There are 2 protein chains.
Amino acid sequence: MPKKPVADVSDTETRATSEHAPDLRLWLRTLACTNLIENHIRSCLRAEFGITLPRFDLMAQLERSPQGLKMGELSKRMMVTGGNVTGITDQLVAEGLVLREDSPKDRRAYIVKLTPQGRHSFRKMAEAHEKWVVELFGGMDEKQRGQLYQLLALLKTSAAAAAGNKPRPRRT
Amino acid sequence: MPKKPVADVSDTETRATSEHAPDLRLWLRTLACTNLIENHIRSCLRAEFGITLPRFDLMAQLERSPQGLKMGELSKRMMVTGGNVTGITDQLVAEGLVLREDSPKDRRAYIVKLTPQGRHSFRKMAEAHEKWVVELFGGMDEKQRGQLYQLLALLKTSAAAAAGNKPRPRRT
DNA sequence: TTGTATATATCGACGCTTAAAATATCAAAA
DNA sequence: TTTTGATATTTTAAGCGTCGATATATACAA
């Protein structure tokens, strides 16, 4: 049995101790939370629906954009490279869950959409997914969640500014 | 008292969704922050030191534990599977940055340690790494970072509880 | 028009990651 | 002792993900 990595008191966060900068500990705690949640959702999706997290994520993007999205749009929104989106899309097309249409405006581009079957499958999964997320955040009260939401907005702005200047210029 | 919502039995799903959608947005924002930061650090490590992020992370764990760590300890702390640790360790051993020692207590286990060269390499990288992290969080003031740190502690506890109870490995 | 630059997507090579199965060891009960 | 079950790690196969290179299409300038 593939023992899943279980977080305990000595997880990723222990990489930093008192001698490290507070910012480093903050980052490692952020990362630990994300890994914990992501690993749980991944295993739930697999156990309940036999789907991988990346495929679910791609379908989630399409569900939010019923008019369809170009490959590049998917790449940006999922924060992964274009080549990666090509591969995941290929898989979903083979499963009949999404389809590629030629863009009428730009012959270089495809428009990717959910098929009716894909939309139907996704909606059932999304319901369970949301329930899991609610459970994962359930130990915080509403005020705390609201504060966290606001602080993460600041972090996102801060990190985007810092990352944008350096060696990762992927901008539209 | 504000207007009372009218019960709509035929809309249970939609109601549940709009009720819990904030948690979903909170999770997606958390994920976006992590991806942004992680992608930036990954490309910086690659550009400046020609190393991958997983290898850096493994070395960071060993730096924190000079007595060395067993493979399973590394797996837990890095929150990845054991097979993954095997592969990354193999690479680092081949590069001379890490070594495997037989455990004197348990012949199944290895003790993994940084080599002197590995320790030296890591310290230079860690200095730059910490600088990048400080930059990424630099748009938040100290009070905000402190609040975020506290809220993430709550999230970690909450998520660990939810992930630990539910559809986890079934002990037979 | 021609040339150059930019944008869109795919491909191939390589490395990371998981899940599941295999191997070996340990520990303790029968 | 032998058996039983748990623990520690590796192995395998499939999928994810990046990077760099390529092919093609678009945009724009001279």
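Since the structure is predicted, the reported quantities are computational estimates derived from the model, not experimental observations.
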- NA contact type, B:G83, heavy-atom cut-off 4.0 Å: base, sugar-phosphate, or nothing? base
Report yes if the side chains of B:E73 and B:V112 come closer than 4.5 Å at any heavy-atom pair, otherwise no. no
**Message:** Is the phosphate of C:dA9 approached by A:K70 (side-chain N or O, under 4.0 Å from OP1 or OP2)?
**Reply:** no
In short, side chain to side chain donor-acceptor pair (under 3.5 Å) pairs touching residues 136-148 of chain B with sequence neighbours left out are A:D23-B:R145
Whole-Å distance, B:M71 CE to C:dT25 P, equals 17 Å
Sorted by position of nearest nucleotide on DNA chain D, 5' first, the leading residue of A:G87 and B:I111 is B:I111
Hits for side-chain hydrogen bond (donor to acceptor under 3.5 Å, both in side chains) against B:D90, two or more places apart or cross-chain, chain-then-number order -> B:R100
Sorted by chain and residue number, the side-chain hydrogen bond (donor to acceptor under 3.5 Å, both in side chains) partners of A:Q117 (sequence neighbours excluded) come out as none
### Main-chain N/O of A:H40 paired to A:S43 side chain as donor or acceptor, under 3.5 Å
yes
Rounded to whole Å, CZ of A:R77 lies from P of C:dT8 at a distance of 14 Å
Whole-Å distance, B:E101 CD to D:dT9 C1', equals 17 Å
Atom OH of A:Y110 and atom C1' of C:dT10 are separated, to the nearest Å, by 8 Å
In whole angstroms, the gap separating P of C:dT25 from CG of B:D102 amounts to 11 Å
With the side chain defined as heavy atoms from C-beta on, A:I88 is closest, among D:dC19, D:dC16, D:dT10, to D:dC16
A:R42 atom CZ is separated from C:dC16 atom P, nearest whole Å, by 16 Å
* Asked: With no hydrogens and no angle check, do the side chains of B:Y149 and A:R25 hold a donor and an acceptor under 3.5 Å apart?
  -> no
Ordered by number, residues from residues 55-63 of chain A within less than 4.0 Å of DNA chain C (heavy atoms) are none
Between B:E48 and B:W132, the two heavy atoms sitting closest are CG-CZ2, 3.6 Å
Is there a side-chain contact between A:N84 and the phosphate of D:dT18, meaning an N or O under 4.0 Å from OP1 or OP2? yes
To the nearest angstrom, the CG-C1' distance between B:D90 and C:dC14 comes to 16 Å
Donor-acceptor list for residues 150-158 of chain A side chains, cut-off 3.5 Å, not counting sequence neighbours:
unit_1: A:T157; atom_1: OG1; unit_2: A:A153; atom_2: O; d: 3.1
unit_1: A:S158; atom_1: OG; unit_2: B:L136; atom_2: O; d: 2.6
unit_1: A:S158; atom_1: OG; unit_2: B:G139; atom_2: N; d: 2.8

Under 4.0 Å between a side-chain N/O of B:T52 and OP1 or OP2 of C:dC16, yes or no? yes
When rounded to whole Å, the CD to C1' distance for the pair A:Q91 and C:dT10 reads 15 Å
Per atom distances to the A:T86 side chain, the nearest of C:dA19, C:dA9, D:dG17 is C:dA9
Discussion item. Side chains of B:R77 and B:S65, heavy atoms from C-beta outward: is any pair under 4.5 Å?
Written reply: yes
Open item on the list: For the backbone of A:L92 and the side chain of A:R55, can you confirm whether one donor and one acceptor N or O come within less than 3.5 Å of each other?
Closed with: no
Could you pull out the protein-nucleic contacts involving nucleotides 26-29 of chain D (nitrogen or oxygen on both sides, under 3.5 Å)?
unit_1: D:dT26; atom_1: OP1; unit_2: A:R107; atom_2: N; d: 3.1
unit_1: D:dT26; atom_1: OP2; unit_2: A:R107; atom_2: NH2; d: 3.1

